[in-house]
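Take a look at the structure below.
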Amino acid sequence: MSAALIRRDELRPLGERLRREGHRIAFANGCFDILHVGHVRYLEETRKCGDVLVVGVNSDRSVKTLKGPGRPILPAEARAELVAALASVDYVVVFEESSAAGVLLDLRPDVHCKGTDYSVETVPERDVVKSYGGEVRIVGDPKNHSTRELLAEMARRARQD
């Protein structure tokens with residue numbers, strides 16, 4: 001069964017309900033422009049940090065701001081649907097901001113997980129998470145998978161054909 005795709009304005013009530021029911025909420029976020037094994041491993045490891053996993057997917061506008069021209073490859077709706085299809089994911093929300101700070105303040109997850117290209121000290125939302133008593137964790141396998149590298153490899157192979 002696919003995860004529930006929720007609207008941004010549904011985050012606060014979702015977080016309140018899940019906490020009332022005694023759930024430990026884990027949160028991960030990213031662009032997920034072309035879903036690859038690094039993303040899957042990151043989300044699977046994040047799921048182990050809680051019993052409910054909510055994933056924030058950057059909107060098209062925020063991906064363009066973060067990643068530059070030519071991105072995203074896939075529209076936000078498709079990226080969100082792909083992430084929602086993963087067994088480890090319970091809820092997916094698309095957000096407009098370039099930072100997940102507002103999403104975190106609305107949802108207030110117990111743990112905010114970032115990939116191994118960060119350290120706890122470099123997570124941009126670290127202070128926001130600490131402000132409400134949450135925890136930041138670094139999860140996933142070493143960052144040797146990236147959408148940028150995958151796109152470069154695809155372009156290289158296309159030139160060879």
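What you see below is based on every heavy atom in this structure, not just the backbone, and it leaves out hydrogens, waters and symmetry mates. One-based numbering along the sequence shown. The structure displayed is predicted, hence computed values, not measured ones.
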Next item on the list: Give a yes or no answer on whether the side chain of Asp110 reaches the backbone of Gly134 with a donor-acceptor pair at less than 3.5 Å.
Entry: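 Here the side-chain-to-backbone pair does not exist.
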
Checklist line | Asn29 (side chain) donor-acceptor with Val55 (main chain) under 3.5 angstrom | finding: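 It does not hold such a pair.
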
Next item on the list: Under 4.5 Å between side-chain heavy atoms, chaining through other members, with only Ile, Leu, Val, Met, Phe, Trp and Tyr counted: pull out the rest of the cluster around Val111, sorted by chain and number.
Entry: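 Val111 clusters with nothing; isolated.
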
Does one hydrophobic cluster hold both [X] and [Y], with members joined at side-chain heavy-atom distances below 4.5 Å?
X      : Y      : value
Phe32  : Val40  : yes
Val54  : Val139 : no
Ile6   : Val89  : no
Val129 : Leu18  : yes
Leu14  : Val92  : no

Could you tell me which non-hydrogen atom of [X] sits nearest to which non-hydrogen atom of [Y], and how far apart they are?
X     : Y      : result
Ala28 : Leu53  : N-CD1, 4.2 Å
Ala26 : Pro109 : C-CB, 4.5 Å
Ala76 : Val94  : CB-CG1, 4.0 Å
Asn58 : Ser98  : ND2-O, 4.0 Å
Leu5  : Ala84  : CD2-CB, 3.8 Å

What residues, two or more places apart in sequence or in another chain, satisfy side chain to side chain contact (heavy atoms under 4.5 Å, CB included) together with [X]?
X     : answer
Lys67 : Cys31, Val63, Arg71, Arg148
Thr65 : none
Arg19 : Glu16, Ile25, Arg108

Next item on the list: With sequence neighbours excluded, give me every side chain to side chain donor-acceptor pair (under 3.5 Å) pair touching residues 128-140.
Entry: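 Passing the test, one end in residues 128-140: Arg24-Glu135, Glu135-Arg137.
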
Note to self: For Leu82 and Leu74: C-alpha separation, side-chain torsions, deciding distance, then whether side-chain contact (heavy atoms from CB on, under 4.5 Å) applies.
What the structure shows: CA-CA 10 Å; Leu82 286 167; Leu74 298 173; 3.9 Å; yes

Note to self: Under the rule for salt bridge (Lys or Arg N to Asp or Glu O under 4.0 Å), what residues qualify as partners of Arg7, not counting sequence neighbours?
What the structure shows: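 Partners of Arg7 under the salt bridge (Lys or Arg N to Asp or Glu O under 4.0 Å) test: Asp9, Glu10.
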
Next item on the list: Not counting sequence neighbours, which residues clear salt bridge (Lys or Arg N to Asp or Glu O under 4.0 Å) with Glu21? List them please.
Entry: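 Testing Glu21 for salt bridge (Lys or Arg N to Asp or Glu O under 4.0 Å), a comparison that skips the adjacent residues, returns Arg17.
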
Note to self: By the salt bridge (charged side-chain N to carboxylate O under 4.0 Å, His left out) test, which pairs, at least two apart or in different chains, include something from residues 79-105?
What the structure shows: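 Counting only pairs at least two positions apart or across chains, the salt bridge (charged side-chain N to carboxylate O under 4.0 Å, His left out) contacts touching residues 79-105 are Arg8-Glu97, Arg47-Asp90, Asp60-Arg79, Arg61-Glu96.
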
Next item on the list: Measure the CG-CG distance between Leu11 and Leu105 for me, rounded to the nearest 0.5 Å.
Entry: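 Answer for the CG-CG pair, Leu11 versus Leu105, is 11.0 Å.
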
Item checked: Residues that Glu45 engages under side-chain hydrogen bond (donor to acceptor under 3.5 Å, both in side chains), provided they are two or more places apart ->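 Expected list: Lys48.
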
Next item on the list: Not counting sequence neighbours, list each pair that qualifies as a ring-ring contact (aromatic ring centres under 6.0 Å, His included) and has a residue in residues 87-121.
Entry: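 Non-adjacent pairs meeting ring-ring contact (aromatic ring centres under 6.0 Å, His included): Phe27-His112.
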
